[in-house]
Amino acid sequence: MTETVKGPASYFPSIEKRYGRPVAEWQEAIRTSPLTKHMELVGWLKAEHGLGHGHANALVAHTLAELRG
């Protein structure tokens with residue numbers, strides 16, 4: 001049986017389809033950004049890259065959770 005993906009990662013297939021870039025590229029952009037706060041990063045992805053709020057929030061939440069272990 002395959003496990004259903006839950007949480008922020010459940011958005012990843014639609015993010016890749018809609019914006020044409022792999023999630024790994026978005027995560028690298030987040031990791032290398034001088035911004036560090038969650039909502040600053042969300043705002044940056046929305047303003048500079050045209051992501052919707054839910055997609056930006058999912059990417060930031062998942063990436064920051066990985067960084068903070």
Side-chain angles (χ1 to χ4, degrees):
M1 256 173 33
T2 58
E3 202 173 313
T4 302
V5 177
K6 296 181 181 177
S10 67
Y11 285 87
F12 290 177
S14 61
I15 291 170
E16 289 180 340
K17 182 178 179 182
R18 181 163 191 163
Y19 304 105
R21 292 173 63 184
V23 167
E25 281 186 26
W26 293 114
Q27 290 182 305
E28 183 62 20
I30 292 166
R31 284 192 290 269
T32 59
S33 170
L35 304 173
T36 57
K37 294 182 180 176
H38 183 99
M39 290 309 296
E40 289 176 340
L41 287 159
V42 169
W44 170 69
L45 288 171
K46 290 168 61 176
E48 295 296 320
H49 298 284
L51 271 71
H53 182 81
H55 288 160
N57 190 58
L59 284 166
V60 172
H62 193 270
T63 304
L64 292 182
E66 284 182 343
L67 291 173
R68 294 177 181 147

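The structure displayed is predicted, hence computed values, not measured ones.
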For H49, all residues meeting ring-ring contact (aromatic ring centres under 6.0 Å, His included), sequence neighbours excluded: W26, W44

Listed by chain and number, what are the salt bridge (Lys or Arg N to Asp or Glu O under 4.0 Å) partners of E40, not counting sequence neighbours? none

In Å and rounded to the nearest 0.5 Å, what is the NZ to OG1 distance from K6 to T4? 6.5 Å

Under the side chain to side chain donor-acceptor pair (under 3.5 Å) test, which residues partner R18, sequence neighbours left out? none

Partner residues of E16 under the side chain to side chain donor-acceptor pair (under 3.5 Å) criterion, sequence neighbours left out: none

Atom pairs and distances, side-chain donor-acceptor, residues 57-68, under 3.5 Å, sequence neighbours left out:
{"unit_1": "N57", "atom_1": "OD1", "unit_2": "H38", "atom_2": "NE2", "d": "2.5"}
{"unit_1": "H62", "atom_1": "ND1", "unit_2": "Q27", "atom_2": "NE2", "d": "3.3"}
{"unit_1": "T63", "atom_1": "OG1", "unit_2": "Q27", "atom_2": "NE2", "d": "3.4"}
{"unit_1": "T63", "atom_1": "OG1", "unit_2": "L59", "atom_2": "O", "d": "2.7"}

Applying side chain to side chain donor-acceptor pair (under 3.5 Å), name anything that partners Y11, two or more places apart in sequence or on another chain. none

Remaining members of hydrophobic cluster (4.5 Å side-chain criterion), V5: none

Suppose we screen for side chain to side chain donor-acceptor pair (under 3.5 Å). Which residues come up paired with H55, at least two apart in sequence or across chains? S14, Y19

If you take all heavy atoms of G7 and S10, which pair is closest and at what distance? O-OG, 2.6 Å

